[in-house]
Structure formats: structure tokens, C-alpha cells
Amino acid sequence: MIYLDNNATTQPTSRVVEAMLPYLTECYFNASASTAAFTGADKPQGEAACAMAKLLNAEEPDCFTFTSGATESNNWVCSSIARSRKAGRVLISAIEHASVAEPAAEMARSGFEIVEIPVDSNGLIQIDALRAALLDDTILVSIMAANNETGVLQPMGDIGRLIRERCPAAVFHTDATQAIGKIPIDLQSDWQDIDLLSFSAHKFHGPKGIGGLYIRPGLELDPLVLGGGQQHGLRSGTINTPALAGLAIAATEASDSKAKAIRDIRDSFEASLLIKFPEAIIHSRGVPRLSNTCFFSLLGWNGEDVSSLLAADGIIVGTGAACSSGAIQPSKSLRSMGVPHEVAIGGLRVTLSRMTTPQELGELLERLVQIENKN
Ligand code: PMP
């Protein structure tokens, strides 16, 4: 199998799997029992929190509350703010993942004013529109750090400074699911204006079903789940020790140090792609984007059909299209960027990991040429 859909999920490393196994076998004990220090079941949560704090340069490990992943964390941000505030204005970008956009739509149904900040034709937030929308009654701003489809990176430092200048009391949340382990993140330097940050371990070679929310010290958030009072009462429920043991290792292994090597492989693939398919459109190529992401369209092609043909040959790529109610919708990001439907429908998303080899991309290209020749 040639796996080139790493923005969808990544392969857990062997060290991640090894770290999880003891907590599924001999050390299956409850991390919140009074005996946890004796059984060792208390270790994974602390190790995961320390590893995340180090990776993102957070103030302290206690800033992290663990959830089942970014979807849950993003929902928590909206539901908590909706519960604790009576009214106000919420700004989200036009290209947010559904796990932000849908809870924001729910807030709109409860009477909050939701404003979508548009992106330009490259997928970058329109800063002037954001500035104009930042009015005194703004309570929450949620802007993703890296887009899952195009890989476009928003200028988080500049956005944070603008929010602080115009609306110092607004909560600034970012969905950093695609950014972690791919770009440097420093919560005490350029990203210091961010109050809340969501992530999922499976996007950086950790296990599925575990992720979390960074909460800036001093920010009070309503609990997500009530019950046994685990995680300082913010998210009750028995601690998922195997997943946290895996997350701890994944966060330790995650580093942007491989970004340059990955970028070189991606860039050389894009150069070869344009030689074989001169009419190919590589989206957001001219702006800062994740070094592992190449989202391109081939005119007259149908991305879904091509991805199925490739999958039948053991090559897995993404399409950026979402299947809703049985109808294929072209990528939300491309639509927000004003890309015409006929171009968006031909979209294929190739996303690399530190395990991807140039040979694998060579095989993909060869197969695309064969598909073209058959048509
Ligand atoms: N946000 C972004 C940007 C994502 O790419 C994803 C996963 N596709 C999510 C949130 C949701 O992550 P999870 O499914 O792990 O909850």
C-alpha cells in the first residue's frame, strides 16, 4: 500500500504502539484510583501532558485537558462559551473544519451572531475583513492554524495581535489539528495570544480517539463532561491510559525537523507533476502552506473517480471532497477561495508524512499518466 493521505490520519509509529501495549495488558488499572501511584496507571496522563507542554512550549502541563480528539475539543469551546455568555459575536473563518463550523451554527441558532471571515483566492484570511468584524461585543474568534485541504498556514501571530488590539477580552481559539508536528508552535512567543488550542494525536503518528484542548492559565472554561471529576472536573470519565501513553510518545517524536526533507520530496513531485500535466492547478502554491500537502486539480478529471482507481491499485490519496447526503460536494476550502466548480471537482489531495519516500510519489505520478493515456 502506498499511503498518501496523511492529513486524514497517520500511521502510529512502532514506539507509539509499544508504549500503549502495557496499558492494555498488565497495567490496565484505573488512573484515578487512590492506588494509581502504586499500580503505575497514573503515569500516561502526566507524561502526555509534559510532552505536549514541551512540544508547544506551554506554560505548564496542567494547561492540557485530554479529550477524544479535536472534534470534541472544538465542540467544547463553542458549547462552553455558549453556556457562559448570554449574547455576543463569534468570528470564524470561512474554511473551518465542520467540527468548528457546525457548533458555531448551533450557537447561531441560540441567538449568537456568527460572522464568517472570508479567505482570498489563495486561502489566506482576509485580514481587513477580520479587523472590520472585530467589534466590542466579540466574545470568541476561532481560526484554524493550518487548513486540512490546502495546507495553507494562517499568520497566527499577526491575527492574535490584531485580536488583542481590537478586542482584548475576546477568547481566541485555534484548531491546530493539522499544524502540530509540522510547523514550530510556541505558545509563549508568537502564539502567545491564543487562549485555546485543539489537537488530535492521530494526525501526528499517535493513536486515534485521543487529543485535547490547551487552555491558557487563568482562563475559566465550563466543564465538558460532568461525572467523576477527572481532569480537574473539566472532562470526567475514566482516563484512557493506553491512548495517553501513545500520545506521550507521539508528541515526543513529533518535530518539525523533518519538514525540510518532506518539503523537498513534495516540491519535486509538484515539479514533475507540472511537466507531465502542464495544465494542472496546484492550489495555494504561492502562499505559506504545510510542507507535506499538495492539493491539485486536473481539468476534466473527477477527483473521486481517480482516487477510487488509484485505491484499487493500492495508492491512497485524498480528494478534498466531502460526501454529504449522498452527493459529492467539492472541497469547502476551494469553494471559499472562489475556485470554479469544474476545477474543484478535479481535486486530488496528496499528503506526505515523514515515512513517505520519493519512490512512492514517483509511482503515483506514473499511475496518473497511465490513467490519462487510457482516457
Ligand atoms: N480539525 C481539522 C483541521 C481536521 O483536519 C480534523 C480531522 N480531519 C479535525 C478537526 C477533527 O479531528 P478528529 O476527527 O480527530 O476529531
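Atoms within each ligand, like the ligands themselves, are counted from 1 in listed order.
Taking the six-membered ring where the residue is Trp, Phe66 and Phe199 present perpendicular rings, their angle passing 60° and hence far from 30°.
Considering backbone and side-chain atoms alike, His202 places an N or O below 3.5 Å from some N or O of ligand 1.
In terms of protein heavy atoms, atom 1 (N) of ligand 1 is closest to Asp175 OD2, 2.6 Å. At the shortest separation from atom 6 (C) of ligand 1 among protein heavy atoms lies His97 NE2, 3.4 Å. Closest to atom 5 (O) of ligand 1, if we only count protein heavy atoms, is Gln178 NE2, 2.8 Å. Nearest protein heavy-atom contact of atom 11 (C) of ligand 1 is Thr71 OG1, 3.3 Å.
Among pairs with a residue in residues 243-282, those fulfilling ring pair (Phe, Tyr, Trp, His ring centres under 6.0 Å) read Phe277-Trp301, at least two apart in sequence or across chains. For residues 280-298, the side-chain hydrogen bond (donor to acceptor under 3.5 Å, both in side chains) pairs, not counting sequence neighbours, are Asn7-Asn292, Asn7-Thr293, Glu270-Arg285, Glu270-Arg289, His283-Ser297.
The number of heavy atoms from other shown groups lying within 6.0 Å of CG (Asp136) does not exceed 12. More than 12 heavy-atom neighbours from other residues, nucleotides or ligands sit within 6.0 angstrom of NZ on Lys208. Atom CD of Gln188 is surrounded by more than 12 heavy atoms from other residues, nucleotides or ligands within 6.0 Å.
Which parts of ligand 1 touch Lys203 is read off a 4.0 Å heavy-atom cut-off, strictly below it: atoms 5 (O), 6 (C), 7 (C), 8 (N). Near Asn148, meaning under 4.0 Å from one of its heavy atoms, ligand 1 places the atoms 3 (C), 5 (O). Of all atoms in ligand 1, listed by their number and element, those nearer than 4.0 Å to a heavy atom of Ser200 are 12 (O), 13 (P), 15 (O), 16 (O).
Side-chain polar atoms of Asp305 and Ser308 form no donor-acceptor pair below 3.5 angstrom.
Heavy atoms of Met144 found under 4.0 angstrom from ligand 1 belong exclusively to the side chain.
At least one heavy atom of Ser99 sits closer than 4.0 Å to an atom of ligand 1.
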